[in-house]
Amino acid sequence: MNFWLMKSEPTTFSVDDFAKLPEQISPWEGVRNYQARNYMRAMKVGDQGFFYHSSCPAPGIMGIMQVVKAAYPDETAWDPTSPYFDPRSTRENPRWDRVDVQLVTRLQEPVLLKTLHTLASELGEFPLLQRGNRLSVLPVTEAQWKRILPMT
DNA sequence: GCCAACGTTGGC
DNA sequence: GCCAACGTTGGC
């Protein structure tokens, strides 16, 4: 099993929005970055992930997710009315993928970015804490996962 | 709102 | 293939 962290801006899709969905399942769509896409392609059903709020007053981990469907084409790339429309992606040759994720646990208290920063030396190399990191989907090592999980 | 960092684009 | 310009991300 592998572990991930996936960012969402709460003004676009918040943990509240997630919790309201039937079965708490949502496609993770709109990713338009090759490295993030490739990480999604590497995901397997049963992989676990942190649901993270970015670009907000208190960025941090808000929930625990699991992957319930492996990568498949992101149809929003084909929809001219979608903000994620990308004319370079075609049905014959899909450029972007999405996965389906399920919110397993909504945290009572978020694990804030500022808290994670205090653990930086223990966590070791962690893209979330590195300067200039802009990846919206990034891998978490098992050791990092096990260190962070008890704080949730 | 600011700004550093980074990815992408496109001319050459 | 290089690289400048541009757009976006995301914390503060």
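In this text, all values refer to a predicted model and were calculated from it rather than measured experimentally. Convention: sequence-line order gives letters A, B, ...; per-chain numbering from 1. We use all heavy atoms of the structure for the numbers below, so side chains are in, but hydrogens, waters and symmetry mates are not.
- The distance between atom CG of Asn38(A) and atom C1' of dG7(B), rounded to the nearest whole Å, is 14 Å.
- Val104(A) belongs to no hydrophobic cluster with other residues, because no ILVMFWY side-chain heavy atom falls under 4.5 Å from its own, directly or through intermediates.
- Atom CD in Gln130(A) sits about 15 Å away from atom C1' in dG11(C), given to the nearest Å.
- Note: Asp74(A) CG to Trp28(A) CH2 = 12.5 Å, rounded to the nearest 0.5 Å.
- Going from atom CG of Leu112(A) over to atom P of dC12(C) covers 11 Å, rounded to whole Å.
- Ring-centre distance between Tyr39(A) and Trp4(A): below the 6.0 Å cut-off.
- Salt-bridge formation is detected for the pair Asp97(A)/Arg41(A): a Lys NZ or Arg NE/NH1/NH2 atom is positioned less than 4.0 Å from an Asp or Glu carboxylate oxygen.
- When the side chains of ILVMFWY residues are joined at heavy-atom separations under 4.5 Å, either directly or via intervening members, Val68(A) and Val45(A) end up in two distinct hydrophobic clusters.
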Considering only nitrogen or oxygen atoms on both sides, find all protein atoms under 3.5 Å from nucleotides 4-6 of chain C and state each distance.
none

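- A straight line from CG of Leu113(A) to P of dG11(C) spans 6 Å, rounded to a whole angstrom.
- Rounding to whole angstrom units, CZ of residue Arg95(A) and P of dG7(B) are separated by 17 Å.
- Near DNA chain C, meaning a heavy atom under 4.0 Å from it, residues 48-62 of chain A has Tyr52(A), Ser54(A), Ser55(A), Pro59(A) in order of number.
- Separating the CG atom of Asn33(A) from the P atom of dG10(C) is a distance of 9 Å, rounded to the nearest angstrom.
- One can place CG of Asn133(A) at 9 Å from C1' of dG10(C), the figure rounded to the nearest angstrom.
- For the atom pair Arg91(A) CZ and Trp78(A) CH2, the distance stands at 5.0 Å (nearest 0.5 Å).
- Across the protein-nucleic acid pair, Gln35(A) atom CD and dT9(C) atom P stand 15 Å apart, rounded to whole Å.
- Applying the ring-ring contact (aromatic ring centres under 6.0 Å, His included) test to residues at least two apart or on different chains, none of the pairs has a partner in residues 97-117 of chain A.
- Looking at residues two or more places apart in sequence or on another chain, you find a ring-ring contact (aromatic ring centres under 6.0 Å, His included) between Phe18(A) and Phe13(A), Phe51(A).
- Hydrophobic cluster membership for Trp96(A): Tyr34(A) (Ile, Leu, Val, Met, Phe, Trp, Tyr linked by side-chain heavy atoms under 4.5 Å, directly or transitively).
- Considering only side-chain N and O atoms, Lys7(A) lies nowhere under 4.0 angstrom from the phosphate OP1 or OP2 of dT9(C).
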